[in-house]
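Reading through the structure tokens given below for one structure.
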Amino acid sequence: MLKPKKKTHNVKGSALLSSVLVLMTTLLFIKMYQDIYHANMENNRLIIECLTDD
């Protein structure tokens, strides 16, 4: 009886692709968080300036 060959190459490629996708998604969320944080800080600065000008 012949043993079927295991396809380890596809598994390695799939694991690499999955890890790259997870990394890209994580970096995208970090970038979005930084943009939102920067926008909120800018709004807070403008509010403080508006309130202190009175």
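These numbers come from a predicted model, not from an experiment. Side chains included, hydrogens not; waters and symmetry mates left out as well; all remaining heavy atoms used.
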query = To which residues is Leu46 joined in a hydrophobic cluster, defined by side-chain heavy-atom contacts under 4.5 Å among Ile, Leu, Val, Met, Phe, Trp and Tyr, whether direct or through other members?
reply =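 Its cluster mates, by chain and number: none.
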key: Cluster companions of Leu21 among Ile, Leu, Val, Met, Phe, Trp, Tyr (side-chain spacing under 4.5 Å)   =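 Joined to Leu21, directly or through intermediates: Leu17.
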ask   = Does any pair with a residue in residues 39-48 pass salt bridge (charged side-chain N to carboxylate O under 4.0 Å, His left out), and if so which ones, sequence neighbours excluded?
value =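 Found Glu42-Arg45, Arg45-Glu49.
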ask   = Among all residues two or more places apart in sequence or in another chain, which pass the side chain to side chain contact (heavy atoms under 4.5 Å, CB included) test with Thr26?
value =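 Listed in chain order: Val22, Ile30.
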In one Ile/Leu/Val/Met/Phe/Trp/Tyr side-chain cluster, 4.5 Å: Leu28, Val20 =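 Leu28 and Val20: separate clusters.
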Atom pairs and distances, donor-acceptor, side-chain atoms in residues 31-40, under 3.5 Å, two or more places apart:
residue: Lys31; atom: NZ; partner: Asp35; partner atom: OD1; Å: 3.1
residue: Asn40; atom: ND2; partner: Ile36; partner atom: O; Å: 3.4

